[in-house]
Amino acid sequence: MFSWTVKIILAYIAVTGGPNTHEYCSRFVGSYLACPAQHEHELVVCCNGGPLPMETALLFHTIGSVQFFPRKNDPGYDITAYQDVASRFKCDMMVCCGETCHFHREGWLKRYVESWEKYGEGMYGTFSSNLVRPHLNTTGFCVDPKYLLGSPRPRNRIDRYDFEHGRMSLWKRITLLGGVARLVTFDGCYDVPQWRYPEKILWKDDQTNCLMLCSHTQRFAEADTETQIKWRKGADRVL
């Protein structure tokens with residue numbers, strides 16, 4: 001546990017009117033209930049595109065306490081949504097989950113907290129890759145909200161991906177400001193030179209060392225062996 005009082009928000013993106021949104025939200029809620037976070041937090045559902053349809057919103061009421069944050073969608077997609085949540089809901093730590101994120105093992109939030117307490121504030125990624133350049137994937141990550149608010153707001157799709165793996169991506173900005181950027185798994189916490197070292201992470205084996213799963217892990221799991229080898233080599237490549 002933290003030696004000081006800390007407020008944690010779990011921000012989950014739900015795309016209002018999305019073709020698979022109800023299915024994704026149902027899976028998220030089911031996994032959230034089946035895999036306890038093991039640390040106190042508040043859940044904010046960020047509805048990109050306005051209020052969710054009633055049948056989808058009702059899924060979250062099985063959780064209990066939840067806040068909905070309807071907003072207009074924009075070219076920043078999930079990134080600007082996270083920034084808006086950080087601006088609207090005050091907290092010390094924010095776990096950001098894209099729409100396809102879901103859990104497969106209990107204690108996922110506890111691992112973020114343990115790592116934060118040991119290494120300090122910054123960005124703790126769930127998925128890592130060396131595609132384009134080394135980066136922590138922004139589909140699912142934990143961050144001090146001040147770094148989201150202090151970063152330029154993406155204005156288009158290119159900006160959104162630069163935020164993730166550009167030359168001045170979020171993790172690089174954070175380290176330049178004195179924060180840390182680490183990959184967190186169920187079995188460890190790793191600095192940038194080691195981001196592709198752990199076993200069973202993104203695009204490696206069964207990927208069960210990841211604190212959560214998403215569309216990227218699902219596509220890998222469903223791919224043929226040749227494709228899996230290609231994807232892993234791409235993510236592991238030395239630049």
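The basis for the numbers below is simple: all heavy atoms, side chains too, and nothing from hydrogens, waters or symmetry mates.
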- Would you please test D144 and Y147 for side chain to side chain contact (heavy atoms under 4.5 Å, CB included) and show each step? CA-CA 6 Å; D144 186 318; Y147 294 119; 3.6 Å; yes

- Message: Let's go through C214 and M212 carefully: what are the C-alpha distance in whole Å and the side-chain angles of both, what is the deciding distance for side chain to side chain contact (heavy atoms under 4.5 Å, CB included) to 0.1 Å, and is it a yes or a no?
- Response: CA-CA 7 Å; C214 66; M212 62 182 81; over 6 Å; no

- Task: Show your reasoning for whether side chain to side chain contact (heavy atoms under 4.5 Å, CB included) applies to V95 and L109.
- Result: CA-CA 8 Å; V95 180; L109 181 53; 3.8 Å; yes

- Chi angles and distances behind the side chain to side chain contact (heavy atoms under 4.5 Å, CB included) call for E226, K230: CA-CA 6 Å; E226 183 179 353; K230 178 181 178 180; 5.9 Å; no

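Note that R157 lies in the cation-pi zone of Y77, set by a 6.0 Å cut-off to the ring centre and a 45° limit from the axis. Cation-pi geometry between R182 and Y119 is met: the NZ or CZ atom falls under 6.0 Å from the ring centre, inside 45° of the normal.
By the criterion of side-chain heavy atoms lying less than 4.5 angstrom apart, applied directly or through intervening Ile, Leu, Val, Met, Phe, Trp or Tyr residues, L211 is grouped together with V113 in one hydrophobic cluster. Note: the hydrophobic cluster containing L177 also contains W171 (ILVMFWY, side chain heavy atoms under 4.5 Å, direct or indirect links). Tracing side-chain contacts under 4.5 Å through hydrophobic residues (I, L, V, M, F, W, Y), one reaches M93 starting from Y12; they form part of the same cluster. In the hydrophobic clustering of this structure, Y32 groups with F68; members are Ile, Leu, Val, Met, Phe, Trp, Tyr whose side-chain heavy atoms approach within less than 4.5 Å, directly or through other members. Criterion: ILVMFWY side-chain heavy atoms under 4.5 Å apart, direct or through other members. Under it, L52 and I63 are part of a common hydrophobic cluster.
The pair K146-E121 counts as a salt bridge, with a side-chain nitrogen and a carboxylate oxygen less than 4.0 angstrom apart. Electrostatic pairing of R160 and E164 counts as a salt bridge here, judged by a charged N lying under 4.0 Å from a carboxylate O. Salt bridge annotation for R219-E222: absent, with no cationic side-chain nitrogen under 4.0 angstrom from a carboxylate oxygen.
A donor-acceptor distance shorter than 3.5 angstrom exists from the side chain of N209 to the backbone of F186, with no hydrogens or angles considered. Under the 3.5 Å distance criterion, the side-chain polar atoms of N130 are matched with a main-chain donor or acceptor of R237. The main-chain N or O of C210 is found under 3.5 Å from a side-chain atom of H104 such that the two form a donor-acceptor pair. A side-chain donor-acceptor contact under 3.5 Å links R27 to the backbone of T100. Here the side chain of S31 pairs no donor or acceptor atom with the backbone of H102 at under 3.5 angstrom. For Q83 (side chain) and L149 (main-chain N/O), no donor-acceptor pair under 3.5 Å exists by modelled atom type. Panel note: side chain Q228, backbone F220; a donor-acceptor pair is recorded below 3.5 Å. Looking only at distances, a side-chain donor or acceptor of W195 sits under 3.5 Å from a matching main-chain atom of Y190. Remark: side-chain polar atoms of Q38 are not paired, donor with acceptor, to backbone N or O of K110 under 3.5 angstrom. Side chain of K204 to backbone of P198: a donor-acceptor contact under 3.5 angstrom is found.
Separating the CG atom in L43 from the SG atom in C97 is a distance of 9.0 Å, to the nearest 0.5 Å. In this structure, the separation between OG1 on T138 and CD1 on I79 is 4.0 Å, given to the nearest 0.5 Å. Rounded to the nearest 0.5 angstrom, T217 OG1 and I201 CD1 are separated by 12.5 Å. Atom SG of residue C142 and atom CD1 of residue I8 lie 7.0 Å apart, to the nearest 0.5 angstrom. Going from atom CZ of F127 over to atom OG1 of T139 covers 6.5 Å, rounded to the nearest 0.5 Å. In this structure, CD on Q218 lies 10.5 Å from CD on Q207, to the nearest 0.5 angstrom.
The aromatic rings of F69 and F89 lie perpendicular to each other, with more than 60° between the two planes, well past the 30° mark. Between H41 and W108, the ring planes lie perpendicular to each other; the angle is over 60°, past the 30° to 60° tilted range. Note: W203 and W231 have tilted aromatic rings, judged against thresholds of 30 and 60 degrees for the angle between ring planes.
You'll find the side chain of M94 reaches within 4.5 Å of the side chain of L148, heavy atoms only. For the pair T62 and L33, the minimum side-chain heavy-atom distance is below 4.5 Å. Contact of the R71 side chain with the V85 side chain is not registered, since no non-hydrogen atoms from C-beta on lie closer than 4.5 Å. At a threshold of 4.5 Å between non-hydrogen side-chain atoms, the residues L58 and H61 count as touching. S128 is listed as a side-chain neighbour of R196, based on a closest heavy-atom distance under 4.5 Å. Side-chain contact between E23 and S26 is absent, with no heavy-atom pair separated by less than 4.5 Å. Annotation: side chain of K200 is not in contact with side chain of T185 (no heavy-atom distance under 4.5 Å). At least one side-chain heavy atom of R133 sits less than 4.5 Å from a side-chain heavy atom of R167.
Across all non-hydrogen atoms, the minimal contact from I13 to A81 is CD1-CB, 3.5 Å. Annotation for R105 and T208: closest pair NH1-O, 4.5 Å, computed over non-hydrogen atoms. L170 and S151 get closest at one heavy-atom pair: CD1-OG, 3.6 Å. When all heavy atoms of D78 and N48 are compared, the pair lying nearest together is N-ND2, 4.3 Å. The shortest non-hydrogen separation linking T16 to G50 is OG1-O, 2.5 Å. Between Y124 and C189 the shortest heavy-atom distance is CE2-SG, 4.0 Å.
Enclosure of atom CD in Q194 by more than 12 non-hydrogen atoms of other residues, nucleotides or ligands within 6.0 angstrom is indicated. Heavy atoms from other residues, nucleotides or ligands lying under 6.0 Å from CD1 of I158 number 12 at most. By the 6.0 Å contact criterion, OH on Y197 is open, its count of non-hydrogen atoms from other residues, nucleotides or ligands being 12 or less.
Partner of R153 under the side-chain hydrogen bond (donor to acceptor under 3.5 Å, both in side chains) criterion, out of T80, D159, D84: D84 alone.
For F103 and F28, the gap between ring centers is short of 6.0 Å. In this structure, F141 has its ring center at least 6.0 angstrom away from the ring center of Y112. Aromatic pair H135/Y161: ring centres not closer than 6.0 Å.
Side chains of S65 and E42: a donor-acceptor N/O pair is absent below 3.5 angstrom, by distance only.
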